[in-house]
Engineer: 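My structure is below; once you've seen it, I'll send some questions.
Just so it is clear, the model here is predicted, and its values are computed rather than measured. Note on naming: letters A, B, ... go to the chains in the order of the sequence lines (proteins, then strands), and numbering restarts at 1 for each one.
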There are 2 protein chains.
Amino acid sequence: MQRSRFDPDPSRPVYVISVAARIVAVHPRTLRIYEDEGLIEPARTPTNIRLYSDHDVRRILWIRHLTQDRGVNLAGVRILFELEERLGVRILEALSDEWTAGNCDDAAAPSLRDSMGPDPEALTSAPSAPSAPPAPRPRSAP
Amino acid sequence: MQRSRFDPDPSRPVYVISVAARIVAVHPRTLRIYEDEGLIEPARTPTNIRLYSDHDVRRILWIRHLTQDRGVNLAGVRILFELEERLGVRILEALSDEWTAGNCDDAAAPSLRDSMGPDPEALTSAPSAPSAPPAPRPRSAP
DNA sequence: GACTCTTGACAACATCATTGTCATGGTTCC
DNA sequence: GGAACCATGACAATGATGTTGTCAAGAGTC
C-alpha cells in the first residue's frame with residue numbers, strides 16, 4: 001500500500017488528538033484510554049500535547065479492527081502486540097489475510113511492520129501495524 | 001513435563017463433562033459455552049455423551065489462564081488459537097515463558113503442542129495447548 | 001431408580017469498551 | 001486576547017461479555 005503522499009516519514013508525530021481521532025473514527029476519550037492501557041504511546045510536545053504519527057494511526061486502526069470487527073477485548077489486543085514484538089514475526093499479517101479476503105480487493109495484505117500513511121484510500125483497506133510496540137503497562141487490579 | 005502416568009495417549013477421550021470440569025476447575029456450563037464458541041470440540045459417544053481427552057483438558061487450561069489471569073475474552077482466545085494453527089509455530093509458548101517466570105519454578109516451559117496429561121502436579125504448572133485446534137465457529141451476531 | 005447426561009432457555013452479577021460530561025488550568029491560534 | 005483546544009482526574013450511562021445458577025423435559029448409566 002502506498003505511503004501517505006504528503007509526509008513520507010510514518011514515524012513523525014504530527015497529529016493532535018482530535019485529528020487522530022477523526023482519522024481513525026474513534027473518540028478522543030477512547031484514545032486516552034488506549035494510552036492508559038499501554039496499547040499506544042503517542043509523542044508529546046514540550047508543553048505536553050499529544051502528537052500521533054502514522055505508525056500510531058495504523059496501530060489504532062488495528063486496535064479498532066480487533067475490538068470492533070473481531071470482538072477482541074483490550075487485554076487480548078495487548079497480548080497480540082506482545083507476541084508480535086516477542087516473536088519478531090508478522091503474526092497479525094495472518095489476520096490481515098483474513099481481512100483482505102473478507103473486506104477489500106487488495107490482494108497484497110500489508111504487514112504490521114510496513115509503513116502506511118493515513119491516506120483515505122489506505123484507511124479503508126486493511127490496516128498495518130507498526131513495529132516495536134511500547135511495553136504494555138500492567139492493567140490496574142480490579 | 002511428564003505425561004499422565006495413567007494413560008499415555010493424550011488424545012484418547014476419556015472424561016465426561018463433570019470430571020473434566022473438576023479437573024480444570026470450571027463449571028460444566030462453562031465448558032458447554034466454550035464448545036458453543038468453537039474453542040473446544042470434545043468427542044461424543046454413540047449416545048451423544050461428551051468425552052474429553054488430555055488434549056482437550058490442556059486446551060481448557062489455556063483458555064482459563066488467558067481469561068482469568070490475563071483478562072482476555074473468548075474472541076481473543078479464539079484468535080490466539082487461530083494464529084497457532086495458521087502460523088504453525090508455538091506462539092503461546094512465548095506466553096508460557098511469562099507464566100513460568102511468574103507462577104512456578106518449572107524452567108522448561110511446555111509448548112502448546114506437547115502432550116501432557118491432567119496429572120495434579122502437571123495441572124498446577126504452566127498449561128500446554130494441544131495442536132490442531134478445531135475450526136472456530138463464527139460468533140453469533142449481536 | 002438415583003444420578004448424570006443431553007438440549008434449549010432465562011437470569012444475576014461483575015467486568016469491560018465506548019462514549020458522554022464535568023471541573024480546573026494551560027496552550028494555541030486567529 | 002479570547003475562542004477553541006489541549007491537559008488532568010473523575011463519575012456515569014449503555015450495551016456487551018464471562019461465569020455461574022437454575023429450570024424443564026427426556027435419555028442414558030451404574
Engineer: When the distance from CD of B:Q68 to C1' of D:dT20 is rounded to whole Å, what number comes out?
Structural biologist: 12 Å
Engineer: Does A:R32 reach a base, just sugar-phosphate, or nothing at all? Heavy atoms under 4.0 Å.
Structural biologist: base
Engineer: Whole Å only: how far is the CG atom of B:L31 from the C1' atom of C:dT6?
Structural biologist: 14 Å
Engineer: Let me know the distance between CD of B:E35 and C1' of C:dC5, rounded to the nearest Å.
Structural biologist: 13 Å
Engineer: I want to verify a distance call: between C:dT6, C:dA17, D:dT20, whose nearest atom is closest to the B:T30 side chain?
Structural biologist: D:dT20
Engineer: Rounded to the nearest 0.5 Å, how far does CG of A:L31 lie from CD1 of A:I40?
Structural biologist: 5.5 Å
Engineer: Could you state the CG-P distance from B:D36 to C:dT6, rounded to the nearest angstrom?
Structural biologist: 12 Å
Engineer: Looking at B:Y34, I'd like to know whether one of its side-chain N or O atoms comes within less than 4.0 Å of OP1 or OP2 on D:dG18.
Structural biologist: no
Engineer: Between atom CG of B:D56 and atom CG of B:L39, what is the distance when rounded to the nearest 0.5 Å?
Structural biologist: 12.0 Å
Engineer: B:I60 has an atom CD1; how far is it from atom C1' of D:dG18, in whole Å?
Structural biologist: 16 Å
Engineer: Supply the atom-to-atom distance A:E41 CD to A:E35 CD, rounded to the nearest 0.5 angstrom.
Structural biologist: 7.5 Å
Engineer: Compare the minimum distances between each of C:dC5, D:dT19, D:dT20 and the side chain of B:V26, then state the nucleotide with the smallest one.
Structural biologist: D:dT20
Engineer: Rounded to whole Å, please give me the gap between CG in B:L66 and P in D:dT17.
Structural biologist: 18 Å
Engineer: Taking for each residue the nucleotide of DNA chain C with the nearest heavy atom, is it B:V16 or A:I33 whose nucleotide lies nearer the 5' end?
Structural biologist: B:V16
Engineer: Can you identify which nucleotide, out of D:dT8, C:dT6, C:dC16, has its nearest atom closest to the A:R50 side chain?
Structural biologist: D:dT8
Engineer: Within the 4.0 Å limit for protein heavy atoms, which parts of nucleotides 21-30 of chain C are touched? Write it as a string from 5' to 3', B for base, S for sugar-phosphate only, - for none.
Structural biologist: B-----SS--
Engineer: Taking the six-membered ring of B:Y52 as reference, does the cationic atom of B:R59 (NZ for Lys, CZ for Arg) lie under 6.0 Å from its centre and within 45° of its axis?
Structural biologist: no
